[in-house]
Student: 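For reference, the structure I am asking about is given below.
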Amino acid sequence: MLNLHSYYSLRYGTLSIDQLVTGLTARGYDTAVLTDINNSTGSLIFIKACQEAGINGLAGVEFRNGDELLFIGIARNEAGFRELNELLTESNKSAKPLPVLAPEFNHVSVIYPYGKVLHRPLRDYEYIGIRHMHVNKIRMLTDSQREKYVIWQPVTFTTAAEQKLHTQLRAIDHNILISQLKAEHAADNFEVFPSKTQLLEKFKDFPLVINNTETLLSNCRFNFKFDEHRNKMTFTGNRYDDKQLLSKYAMDGLQRRYRASDKLAKERVLKELDIIDNLNFSSYFLITDDICRYARSKDFHYVGRGSGANSIVAYCLGITDVCPIELDLYFERFLNPKRKSPPDFDVDFSWQDRDEIYDYIFHRYQSGHTALMGAMSTFRSRSIIRELGKIYGLPKSDIDRLVHDPGNMLNKNEITNMILSVYDQMADFPNQRTIHASGVIISEQPLTCYSALDYPPKGLPTVQYDMHLAEDIGFEKFDILSQRGIGHIKDCKDIVRQNQGKVVDTSNPRRFFKDPKIADQLRSANTIGCFYIESPAMRQLISKLKCDDYLTLVAASSIIRPGVASSGMMKAYIERHHDPSKVQYLHPVMEQQLKETYGVMVYQEDVMKVGHHFGGLDLADADVLRRMMSGKSRSKKHMEEIHDKFFEHCKSIGHPDDIAKEVWRQMESFAGYSFNKAHSASFAVESYQSLFLKTYYPLEFMVSVLNNYGGFYQRKVYVNEAKKAGGNLCLPCINKSIFNTCIYGTDIYLGFDCLLNLEGKLAVLIQQERLRNGDYSGLENFVLRTGARFGNADCASPVGCIPFYGNRQKGIALGSAYIDERCKTRQG
């Protein structure tokens with residue numbers, strides 16, 4: 001089978017990879033090629049599924065310019081797959097159409113559609129694909145002329161319903177009414193999925209064509225190994241030097257983080273280094289460390305979090321600020337010899353700094369070996385109804401009613417019934433490729449060995465597959481995230497230096513955990529502006545817990561999650577925290593495993609413990625359960641299997657049925673929401689850093705919050721918080737303000753970015769002109785120097801126009817009086 005389309009042929013194919021492979025098995029095929037249109041997203045997924053099904057799966061690409069089919073490329077081996085990906089990558093990078101005829105290939109077979117005019121002889125690796133409806137047109141050819149003909153049977157759908165879905169997808173893709181769809185826009189009725197017997201029957205009078213096809217396929221092999229590591233193998237150039245360098249860095253950090261006599265810490269560092277080297281992860285640690293060292297050299301604040309914070313080596317390197325010994329975090333949660341899925345480090349940077357970090361990574365490591373992780377945007381809920389409504393010509397009001405009030409009687413008609421009937425077919429259907437929120441891949445081999453690269457508007461190369469396939473083929477991604485909370489910390493330190501002349505250090509945050517002023521601030525829930533602890537719910541939880549220490553805040557960072565709250569475990573934790581004597585463990589196993597958290601499953605690790613020790617799940621299933629709860633795997637079937645194993649074990653060893661159900665309920669409530677303990681600890685560290693700044697530098701801290709455009713609340717809340725802290729809040733002023741909010745002593749001037757409809761260019765110009773030539777002396781001086789003009793709300797304001805609402809002349813007069821008066825008093 002030469003020309004299979006999966007639903008990764010976006011807005012064209014209708015069949016998932018599983019449906020294709022199941023169909024191939026049921027229809028008697030032993031070899032097949034996935035040839036999605038202008039992408040190789042599903043190729044390795046298809047190869048893996050075929051290997052598991054005992055089919056010779058091959059990779060290919062169907063090359064098109066718009067709706068015009070150019071040719072089909074079939075990789076004869078892994079090198080051919082790379083050639084196909086490089087052709088697509090070059091086209092994506094240059095934003096140029098694909099070549100009409102195939103370029104020179106060394107490991108690719110090319111098939112042109114029957115009837116295509118080539119204007120040159122076919123090369124050795126080029127063929128003509130012929131479909132059964134055209135087969136009579138070659139009946140008069142001699143065998144020597146037929147040697148270049150092969151069977152061409154595109155597969156896009158299997159049923160009439162799927163064909164209808166295909167036409168709907170094509171109309172969506174072209175953004176036209178379905179009635180406007182032309183024949184060239186969509187597949188014809190014959191792109192169905194015949195059995196191998198049916199297909200050969202159609203070509204029985206042309207045995208040479210059958211033989212040509214079989215020969216072409218028999219010369220193709222794709223022996224991809226899914227159990228190999230694909231990341232950059234070494235940092236220094238060889239494994240031995242990597243091991244020595246990582247050991248040097250770790251031992252240096254050990255001296256910095258711990259006392260020289262701390263034998264426990266040293267033993268754990270040595271143990272981790274041994275595991276890291278045995279699993280060939282030294283380069284992964286060194287690359288992450290390299291990124292963090294660059295960030296420190298640029299004075300970028302960052303937070304290493306996630307399961308990587310379980311590592312004392314990461315703590316010693318400075319990747320994280322969480323001490324795993326203090327929190328009894330075990331390294332095996334991050335990396336162990338039995339772990340099947342690769343781990344990754346999560347490192348958060350300020351939203352203003354992340355692009356520079358990306359720039360460093362992409363210049364530091366080899367071009368073509370570094371890319372952003374891809375992701376797949378799917379058709380979901382409202383988008384399905386809206387897209388289908390548009391192609392059937394429904395007015396917006398009807399679509400809105402169908403979305404927001406599906407039970408309305410006005411929705412009962414043929415079109416809306418049809419739209420709703422297609423809903424389930426399109427749910428979670430791939431719609432377009434996009435970019436993962438934070439993942440970066442650094443590969444040993446060129447990334448085109450695994451997929452083509454996209455070049456989205458951000459301009460950085462992006463692989464065409466998502467994190468799940470990356471994990472399957474052996475990549476450990478680097479998560480380079482951004483958040484505004486880190487911007488608060490970084491900017492606050494700069495503002496304190498400018499306003500007070502003090503250098504503030506937020507490194508080594510453990511010293512903040514014992515600070516009585518910070519403890520009072522935390523206990524009083526005076527935390528507005530502080531990362532993760534400023535929401536009303538979190539402040540209420542802090543008050544209820546009377547939280548004033550690090551370990552309690554770590555727990556609070558986890559139990560605030562919706563799953564814990566909805567299950568009633570948050571309430572139970574609060575009660576037991578204040579009176580541990582009230583703890584009533586469901587079972588002795590629960591007491592043994594959950595004593596630290598008063599019998600409440602606070603962390604993902606707690607769920608794994610209970611699933612293993614109470615429910616008899618092996619560690620593999622317990623890890624799957626943990627991954628489901630972290631949102632990384634959502635297999636409903638697998639969850640059902642684990643559910644059955646859990647209750648069968650409970651029944652076999654005599655656990656009461658009601659207790660088993662309650663334990664499962666508590667575990668299940670975590671799905672999609674729980675944190676691992678190291679993650680909660682990382683967030684708590686950042687919260688303490690923010691809280692330190694808010695406690696000792698409240699005005700500068702609130703200015704930094706405003707300049708990072710807030711957090712949980714609207715801007716006015718942070719303005720009011722600055723007033724409460726003793727700040728003298730001033731309106732934007734042409735002789736004092738800058739683009740962002742600024743502070744002079746205790747006077748806080750709101751920035752030009754606060755002014756509605758003031759163009760950014762003019763806001764910057766006002767500041768630059770003032771710095772070059774001094775303060776503005778009046779309105780005329782201001783207008784002459786900036787080119788600003790005043791308009792009203794009804795006019796089409798030109799560039800450099802400051803809007804005054806109402807009468808235009810009155811606005812100019814008011815503006816003149818305002819600026820003149822402010823300038824006289826030297827306050828604006």
Side-chain angles (χ1 to χ4, degrees), residues 264 267-268 271 307 309-310 322-334 336 338-339 545 549-552 554-559 561 563-564 567-630 642-671 673-681:
L264 177 63
E267 287 175 2
R268 175 153 175 172
K271 176 187 173 184
S307 60
N310 288 67
V322 173
C323 172
I325 293 178
E326 182 180 18
L327 293 175
D328 192 28
L329 302 174
Y330 51 94
F331 179 62
E332 288 76 12
R333 166 66 178 79
F334 177 66
N336 66 77
K338 295 183 179 179
R339 178 167 177 159
L545 287 171
D549 65 274
Y550 173 60
L551 294 179
T552 305
V554 172
S557 298
S558 187
I559 64 174
R561 304 292 288 180
V564 192
S567 68
M569 287 187 279
M570 178 194 287
K571 182 180 179 182
Y573 184 90
I574 295 171
E575 291 175 351
R576 297 171 188 185
H577 176 72
H578 292 303
D579 186 0
S581 65
K582 290 184 177 180
V583 180
Q584 294 182 348
Y585 294 99
L586 288 170
H587 191 273
V589 172
M590 303 291 280
E591 181 176 8
Q592 181 184 3
Q593 300 300 322
L594 301 176
K595 193 169 185 177
E596 177 190 344
T597 54
Y598 316 116
V600 178
M601 284 178 279
V602 172
Y603 309 110
Q604 291 175 1
E605 289 86 347
D606 295 336
V607 180
M608 293 176 65
K609 290 178 187 177
V610 172
H612 179 63
H613 293 283
F614 180 86
L617 301 176
D618 61 33
L619 290 176
D621 279 340
D623 190 54
V624 169
L625 187 62
R626 189 268 307 168
R627 289 179 63 77
M628 287 178 175
M629 292 174 178
S630 65
I642 293 175
H643 175 277
D644 293 341
K645 287 181 182 179
F646 179 90
F647 282 99
E648 285 171 8
H649 174 81
C650 291
K651 186 176 180 180
S652 68
I653 65 171
H655 288 331
D657 189 52
D658 58 334
I659 292 179
K661 287 180 179 178
E662 175 58 19
V663 171
W664 179 265
R665 184 191 71 80
Q666 291 185 14
M667 295 168 66
E668 194 173 34
S669 69
F670 267 67
Y673 299 106
S674 64
F675 276 178
N676 64 58
K677 193 173 183 179
H679 198 104
S680 296

Student: Would you check if His587 and His655 make a side-chain contact, meaning some heavy-atom pair closer than 4.5 Å?
Tutor: yes
Student: Report the relative orientation of the aromatic rings in Trp664 and Phe646; use parallel for angles under 30°, tilted for 30 to 60°, perpendicular for over 60°.
Tutor: tilted
Student: For the atom pair OH (Tyr585) and CD1 (Ile659), what is the distance rounded to the nearest 0.5 Å?
Tutor: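 So the gap between those two atoms works out to 15.0 Å.
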Student: Any idea which heavy atoms bring Ala678 and Val322 closest together, and the distance?
Tutor: O-CG2, 4.4 Å
Student: Hey, are Glu662 and Arg665 close enough for a salt bridge, meaning a charged N less than 4.0 Å from a carboxylate O?
Tutor: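 A salt bridge links Glu662 with Arg665.
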Student: For Leu545 and His578, which heavy atoms make the closest approach, and how far apart are they?
Tutor: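 So the minimum-distance heavy-atom pair works out to O-CE1, 3.5 Å.
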Student: Under the 3.5 angstrom rule, does the side chain of Ser558 hit a backbone N or O of Val602 as a donor-acceptor pair?
Tutor: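 Yes: the side chain of Ser558 pairs with the backbone of Val602.
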Student: Do Asp606 side-chain atoms and Tyr603 backbone N/O form a donor-acceptor pair below 3.5 Å?
Tutor: yes
Student: So how far is it from Ser307 OG to Lys677 NZ, rounded to the nearest 0.5 Å?
Tutor: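 If we round to the nearest 0.5 Å, Ser307:OG and Lys677:NZ are 15.0 Å apart.
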Student: For Leu327 and Leu551: C-alpha separation, side-chain torsions, deciding distance, then whether side-chain contact (heavy atoms from CB on, under 4.5 Å) applies.
Tutor: CA-CA 8 Å; Leu327 293 175; Leu551 294 179; 3.0 Å; yes
Student: Take Lys645 and Ile642 through the test side-chain contact (heavy atoms from CB on, under 4.5 Å) and record every step on the way to the result.
Tutor: CA-CA 5 Å; Lys645 287 181 182 179; Ile642 293 175; 5.5 Å; no
Student: Can you sort out the partners of Arg268 under salt bridge (charged side-chain N to carboxylate O under 4.0 Å, His left out), two or more places apart, ordered by chain and number?
Tutor: Glu272
Student: My understanding is that only residues two or more places apart in sequence, or in another chain, count here; which of them pass side chain to side chain contact (heavy atoms under 4.5 Å, CB included) with Pro580?
Tutor: Tyr598
Student: Any side-chain donor paired with an acceptor under 3.5 Å for Thr552 and Asp549?
Tutor: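 Asp549 and Thr552 do have a side-chain donor-acceptor pair below 3.5 Å.
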Student: Just how far is it from atom CG of Leu617 to atom NE2 of His643, taken to the nearest 0.5 Å?
Tutor: 11.0 Å
Student: Which atom pair, heavy atoms only, marks the closest approach of Phe614 to Ala660?
Tutor: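 What the structure gives for the nearest pair is CE2-CA, 4.1 Å.
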Student: Find the distance between OG1 (Thr597) and CD1 (Ile559) and round it off to the nearest 0.5 Å.
Tutor: 10.0 Å
Student: CZ of Phe647 to OG of Ser652: how many Å apart, nearest 0.5 Å?
Tutor: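 The OG atom of Ser652 is 13.0 Å from CZ of Phe647, to the nearest 0.5 Å.
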Student: Any side-chain heavy atom of His577 sitting closer than 4.5 Å to one from Ile574?
Tutor: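 They are not in contact (no side-chain heavy atoms under 4.5 Å apart), so the answer is no.
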Student: I need the His649 NE2 to His612 NE2 distance, nearest 0.5 Å.
Tutor: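 Reported to 0.5 Å precision, the distance equals 9.5 Å.
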Student: For a 4.5 angstrom cut-off between non-hydrogen side-chain atoms, does Lys651 reach Asp657?
Tutor: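 In short, these two side chains do not touch, never coming nearer than 4.5 Å.
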